[in-house]
Amino acid sequence: MPVGLAYLIVVLVWATTPLAIKWSAETFMPVTAVMLRMMLAVAVGLPWLWLLGQRLRWDRLAIKSYAAALPGVFGAMSLSYLASVYVASGLISVMFGLAPLLSGFMLQLLPNPVRLNLWHWAGCVTGVGGLALVFADALQGGNQLIGILLLLGAVTGFSVSGIAVKQVAAGLGPLPQTLGSLIISLPCFWGLWFVMGESFTVGEAMHGVWAVLYLALCGSLIGFVCYFKVLASLSAATVALITLMTPVLALLLGALFNGEQPGLNVIVGALVIMFGLALYFLGDRRTRAALVGAVGH
């Protein structure tokens, strides 16, 4: 698959995933919904891998790479589903827009990091300002604050996972990396499902069933395969640009198809976060050079 097509698929999947999560958690209990999603993805993915003539690696480095993805596959997904009960779908994407800023800060804690420059730090500070506006909206009442705190945990796990997979550099293909990560995450989902005491009760909103199927095939399988391909082929800054596009699309989809009306603080906060991301990306010299060249033409 061409990298450009994989990039486009990731944008579309990430933009539609928050609404699908919201719908699936309305039909099933949250952990049940995400557990079913991952189980279906593995059930479809293993025959696909076999048809492609590929095999899963289970050597030490491969297992280390699968484990490195756990904070994103299990941690971020579980927390996102639990958060969907309290927040609008568009806000899930807005919060995940903070991932590049958080990743950049985390990278500073590693040995021999690429130091952030003034553009980067300006983007981080601006992003925090946008997050503060989102929190201000949550503090006005309701249980939205619970959802936001859960999403902060999800974004942290997602950021840790992306960095860890890059650091391991196991040389796995996108599909084996995805399936291996999903397989070792299943016991975690089963354990959480048991601890939460959920059941397989199906609600009346049948669009949630289709949402689970969509998320299993596109979100967990095709989306993760494309994401790992993009992650392996492009720079971290280019991959992070996805999070600059998806919040706007997710907010629009939530408004059009789920009747969501985010508060003014959330809308302004989302815009401020995206502006912060734009500033952060301008910290990359190649990005600034490309912008200057585009203006010159």
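Computed over heavy atoms, backbone and side chain alike; hydrogens, waters and symmetry mates excluded. Nothing here was measured: the structure is a model prediction, and the numbers come from that model.
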Legend entry - hydrophobic_cluster_shared for Leu264 and Val134, side chain cutoff 4.5 Å: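 Hydrophobic grouping puts Val134 apart from Leu264.
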Legend entry - Path from Met206 to Phe257 over hydrophobic side-chain contacts below 4.5 Å: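 Per the 4.5 Å side-chain linkage, Met206 and Phe257 are not co-clustered.
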Check whether any side-chain N or O of [X] sits under 3.5 Å from a backbone N or O of [Y] as a donor-acceptor pair, and report yes or no.
{"X": "Glu198", "Y": "Val31", "value": "yes"}
{"X": "Asn143", "Y": "Ile146", "value": "no"}
{"X": "Asn117", "Y": "Trp119", "value": "yes"}
{"X": "Ser65", "Y": "Ala62", "value": "no"}
{"X": "Ser161", "Y": "Phe158", "value": "no"}
{"X": "Arg57", "Y": "Ile63", "value": "no"}
{"X": "Gln177", "Y": "Val225", "value": "no"}

Inset, instruction - Over 60° means perpendicular and under 30° means parallel, so classify the ring planes of Tyr66 and Trp58, tilted if in between. - result: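 Trp58 vs Tyr66 ring planes: perpendicular.
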Legend entry - Residue pair Gly223 / Val10: nearest heavy atoms and the distance that separates them: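 Closest heavy-atom pair between Gly223 and Val10: O-CG2, 4.1 Å.
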Inset, instruction - Taking all heavy atoms of Leu49 and all of Pro176, pick out the closest pair and write down the distance. - result: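 Looking at all heavy atoms of both residues, the closest pair is CD1-CG, 4.0 Å.
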Inset, instruction - Assert yes or no for the condition that the ring centre distance of Trp23 to Phe28 is strictly below 6.0 Å. - result: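 Centroid separation for Trp23 and Phe28: 6.0 Å or greater.
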Inset, instruction - Answer yes if the ring centres of Trp14 and Phe96 are under 6.0 angstrom apart, and no otherwise. - result: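 When the ring centroids of Trp14 and Phe96 are compared, they turn out to be at least 6.0 Å apart.
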Inset, instruction - Taking the side chain as every heavy atom from C-beta outward, state whether Val268 and Leu271 have any pair of such atoms under 4.5 Å apart. - result: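 No, their side chains stay 4.5 Å or more apart.
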Legend entry - Validation row: Leu131, Met95 side chains within 4.5 angstrom (heavy atoms):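 They are in side-chain contact.
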Inset, instruction - Verify the neighbour count for atom CH2 of Trp48: are there more than 12 heavy atoms of other residues, nucleotides or ligands below 6.0 Å? - result: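 Yes, enclosed.
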Legend entry - Donor on one side chain, acceptor on other, Tyr214 and Thr16, under 3.5 Å: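 On atom types as modelled, these side chains qualify, holding a pair under 3.5 Å.
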Legend entry - Sole candidate of Thr32, Val34, Leu36 that passes side-chain contact (heavy atoms from CB on, under 4.5 Å) when paired with Trp193: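 The passing option is Thr32.
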